[in-house]
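Chain naming here is simple, since letters A, B, ... match the order of the sequence lines and numbering starts at 1 in each.
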Protein chains: 2
Amino acid sequence: MVTIKEIAEMAGVSRTTVSRVLNNSGYVSEEARKRVEKVITETGYAPSEHAKSLRTKKSKVIGVILPTIQTETPSRIVTGVGKELTNNGYQILLANTNLDKEKEIEYLDLLRLRQVDGIILIATNTDPTLLEKIKEIKVPVVIVGQEAEDMMYVTYDDYHAAHDLTSLFIEKGHTNIAFIGVDEADKSVGYLRKAGFLDAMTSNGLAVEPEWIQTGVFDIDSGHEAMKLILKNASITPTATIAVTDRLAIGAMSYLKEKGIRIPNQMALAGFGASEITKYLDPPLTTVDYQNEKAGEQAAKQILAKIESKNYQKQIILDYRLIIRKSV
Amino acid sequence: MVTIKEIAEMAGVSRTTVSRVLNNSGYVSEEARKRVEKVITETGYAPSEHAKSLRTKKSKVIGVILPTIQTETPSRIVTGVGKELTNNGYQILLANTNLDKEKEIEYLDLLRLRQVDGIILIATNTDPTLLEKIKEIKVPVVIVGQEAEDMMYVTYDDYHAAHDLTSLFIEKGHTNIAFIGVDEADKSVGYLRKAGFLDAMTSNGLAVEPEWIQTGVFDIDSGHEAMKLILKNASITPTATIAVTDRLAIGAMSYLKEKGIRIPNQMALAGFGASEITKYLDPPLTTVDYQNEKAGEQAAKQILAKIESKNYQKQIILDYRLIIRKSV
DNA sequence: CTATGCTATGGAATCGATTCCCTAAAAATA
DNA sequence: TATTTTTAGGGAATCGATTCCATAGCATAG
């Protein structure tokens with residue numbers, strides 16, 4: 001590994017001058033610059049990032065904490081983040097919690113120790129301990145997918161998306177609508193989407209039977225189970241179901257097919273997330289597109305602006321788009 | 001940020017002693033160790049990774065290059081890699097090529113400059129330029145998903161998997177079997193799976209009409225298109241189709257459904273990859289499970305062993321498992 | 001002709017660890 | 001008791017950059 005010292009010697013200048021060429025700062029004569037540049041290209045020299053980081057306290061690395069890499073939402077966000085960061089000479093240090101909440105906090109510490117310049121946290125909750133930790137470490141953090149007071153975040157308008165989707169069902173004449181949700185500790189997916197649903201029902205004067213509301217986790221089987229419970233327990237069978245994720249909807253769909261219940265005739269169905277597969281389901285699933293990749297880009301832009309103390313918008317709520325397909 | 005110097009002062013010892021406690025190396029009296037440890041926990045001190053890396057030439061970071069994070073295979077591999085690395089105090093530096101071959105080479109260089117201790121390359125090809133670059137950089141590289149002479153790799157037995165799957169169809173009485181492949185530059189997915197298919201056909205004395213073989217890319221639409229071409233162009237209509245990925249199979253399935261062709265009665269279908277969704281399709285799709293997460297773990301184990309100059313197996317070919325479902 | 005400012009460059013300190021080498025006390029051995 | 005070995009711990013160099021400060025030549029202004 002060739003170092004700045006060797007480059008300096010080979011070019012017949014001091015390390016200082018090489019550094020000046022590298023960062024083009026300070027005074028360097030055209031002649032000296034040429035010599036240095038020649039040696040650099042000849043040797044393929046590149047400065048040591050560690051030495052640089054040690055001296056400058058900047059690592060050009062952004063930590064990304066995510067709950068899982070195996071579902072589309074976080075994958076797309078990371079793709080967006082990656083694109084934006086690469087364009088700016090930054091790299092991603094990945095921290096996968098595998099859905100372990102504790103690890104979100106652990107990784108915040110770990111990434112700080114790794115001296116990342118910033119952290120993008122694809123959050124599944126906004127627990128006070130998490131928020132405290134975010135404040136405690138001095139590294140800039142952008143939360144994606146949740147809103148939280150005082151924090152930098154990029155999130156989606158979950159409430160209105162759910163509200164709109166519910167309204168769509170109501171317009172189509174449905175009055176008995178079931179809902180498959182998740183734990184409300186996830187404020188965006190669990191709480192806000194449910195609130196949007198409930199408010200839309202209420203403001204249309206529609207009642208919601210308690211049996212119509214089921215809670216699952218983030219997987220397909222869970223949607224299957226929830227649909228089963230809805231159909232088993234409800235005294236009045238709903239004619240439509242909203243699931244807060246596409247995977248839950250897919251699970252619900254599989255149960256309906258098992259039972260020979262036709263979609264959308266006997267049961268209309270919609271999900272959230274615009275999973276690629278939804279387009280190819282039979283029938284194609286109505287869903288909400290959140291443009292996750294864009295969210296990732298935004299988050300990256302925000303954190304870079306913050307790091308480089310440029311102007312940035314602290315809190316961003318992105319738009320959504322209903323994708324209406326044959327399942328309704 | 002508290003440094004080793006401050007810790008030393010606070011504990012009334014030299015930096016050397018603190019370093020000894022940190023790395024428990026050399027002689028340190030029980031008493032001194034206690035004092036140092038106390039100060040460390042009190043201050044929450046953690047040594048600077050950059051200073052450490054600069055001195056030791058080790059970064060405890062492994063670069064992972066992948067073609068996309070948005071399909072299940074690489075996601076699962078990264079999950080496996082992540083688990084194994086985290087257990088050993090290593091981190092992942094992510095480099096997403098977004099399917100751009102050139103970037104694979106670029107990132108090898110970039111990661112070297114970042115002084116990663118090793119690189120895991122989820123490869124889509126084994127072009128000579130790529131292999132040369134791997135040899136050129138002195139960092140240990142493990143390839144996942146492709147085999148290549150002299151290289152460290154973890155891959156799957158694509159040939160036999162395809163062979164077995166084809167044999168399964170033949171046993172079920174199919175004689176006219178179509179095949180949806182991909183570019184053979186991808187040796188594993190493109191070449192070997194096709195070779196396994198063709199050899200199984202030949203050794204059973206079955207002919208393969210050229211129209212039965214279509215080539216797509218790695219997306220669902222492409223499978224749709226391929227299925228259309230097969231049915232349009234073939235003089236003898238096949239009764240079964242093997243697609244080299246689940247996504248291609250899903251595309252094929254969607255075309256079949258559009259045309260009202262029943263699966264498996266009129267057309268049996270199988271894919272590769274054990275995508276989660278395949279279980280919930282209608283009918284559930286027969287596929288090949290490659291245990292990608294395990295592959296990731298293996299790759300991580302290999303590279304760590306290499307780095308720490310322990311024993312390791314240079315080339316690993318993992319087992320597969322046919323998941324036979326109602327689509328055949 | 002001297003003072004000032006700009007250009008060009010290098011020396012040396014610094015970032016925060018690790019580690020080689022040295023010294024000295026304590027313990028073991030002769 | 002004298003000598004060797006083990007234990008304990010510090011000084012200082014080092015890793016590879018950046019950056020402050022000093023110096024010196026040369027052009028321009030006064």
Separation of atom CG in Leu22(A) from atom P in dA17(D), rounded to whole Å: 8 Å
Rounded to whole angstrom units, what separation is found between the NZ atom of Lys58(A) and the P atom of dA17(D)? 19 Å
Per the atom types in the model, does the base of dT19(C) pair as donor or acceptor with the side chain of Thr16(B) at under 3.5 Å? yes
Out of dG9(D), dC20(D), dC15(D), whichever nucleotide has its closest atom nearest the side chain of Arg20(A): dC20(D)
Nearest-neighbour nucleotide for the Ile4(A) side chain, dG16(C), dT18(D), dG10(D) considered: dT18(D)
Counting neighbours of CD on Glu149(B) that are heavy atoms of other residues, nucleotides or ligands and sit closer than 6.0 Å, is the number greater than 12? no
Are Thr79(A) and Gln70(B) close enough that a side-chain donor and a side-chain acceptor fall under 3.5 Å? yes
Tell me the interatomic distance from Asn23(B), atom CG, to dT19(C), atom P, rounded to whole angstroms. 7 Å
Expressed in angstrom and rounded to an integer, what is the separation of Lys60(B) atom NZ from dT18(C) atom P? 12 Å
Starting at atom CD of Glu6(B), determine the distance to atom C1' of dC15(C), rounded to an integer number of angstrom. 13 Å
Length of the line joining Asn24(A):CG and dT19(D):P, which is rounded to integer Å: 13 Å
Nucleotide nearest Lys52(B) when distance is taken to its side chain, options dT18(C), dC15(C), dC6(C): dT18(C)
Reckon Thr3(B) has a side-chain N or O less than 4.0 Å from the OP1 or OP2 of dG16(C)? no
Flag for Ser59(B)-Gln115(B): side-chain donor and acceptor within less than 3.5 Å: no
Closer than 4.0 angstrom, basic N to acidic O: yes or no for Lys133(A) and Glu136(A)? yes
Have a look at Lys57(B) and say if it touches a base, only the backbone sugar-phosphate, or nothing, with a 4.0 Å heavy-atom cut-off. sugar-phosphate
Output yes when at least one side-chain N/O atom of Ser19(B) is less than 4.0 Å from OP1 or OP2 of dT18(C), else no. yes
Compare side-chain N and O positions of Ser29(B) against OP1 and OP2 of dT7(D) and report whether any pair is under 4.0 Å apart. no
When rounded to the nearest 0.5 angstrom, what distance separates CG in Leu99(B) from NZ in Lys101(B)? 11.0 Å
Short side-chain N/O contact from Ser53(A) to OP1 or OP2 of dC15(C), under 4.0 Å: no
Assuming nearest nucleotide by heavy-atom distance, tell me which of Leu54(B) and Arg33(B) is located more 5' along DNA chain D. Arg33(B)
Would you state whether a donor and an acceptor, one from the side chain of Arg15(B) and one from the base of dG10(D), lie under 3.5 Å apart? no
Roughly, in whole Å, what's the span from CD in Gln115(A) to P in dC15(C)? 14 Å
Does Tyr45(A) have more than 12 heavy atoms from other residues, nucleotides or ligands lying within 6.0 Å of its OH? yes
Verify the contact: side-chain N or O of Ser14(B) to OP1 or OP2 of dG10(D), cut-off strictly under 4.0 Å; return yes or no. yes
dA8(C), OP1 or OP2 - any side-chain N/O from Tyr27(A) closer than 4.0 Å? no
Please classify the nucleic acid contact of Val18(B) as base, sugar-phosphate, or nothing, using heavy-atom distances under 4.0 Å. nothing
Hey, is the side chain of Thr17(B) poking within less than 4.0 Å of OP1 or OP2 on dG10(D), counting only N and O atoms? yes
For the pair made of CZ in Arg35(A) and P in dA8(C), what is the distance, rounded to whole Å? 13 Å
Would you indicate which nucleotide in dC21(C), dA17(D), dT18(C) comes nearest to any side-chain atom of Arg55(B)? dT18(C)
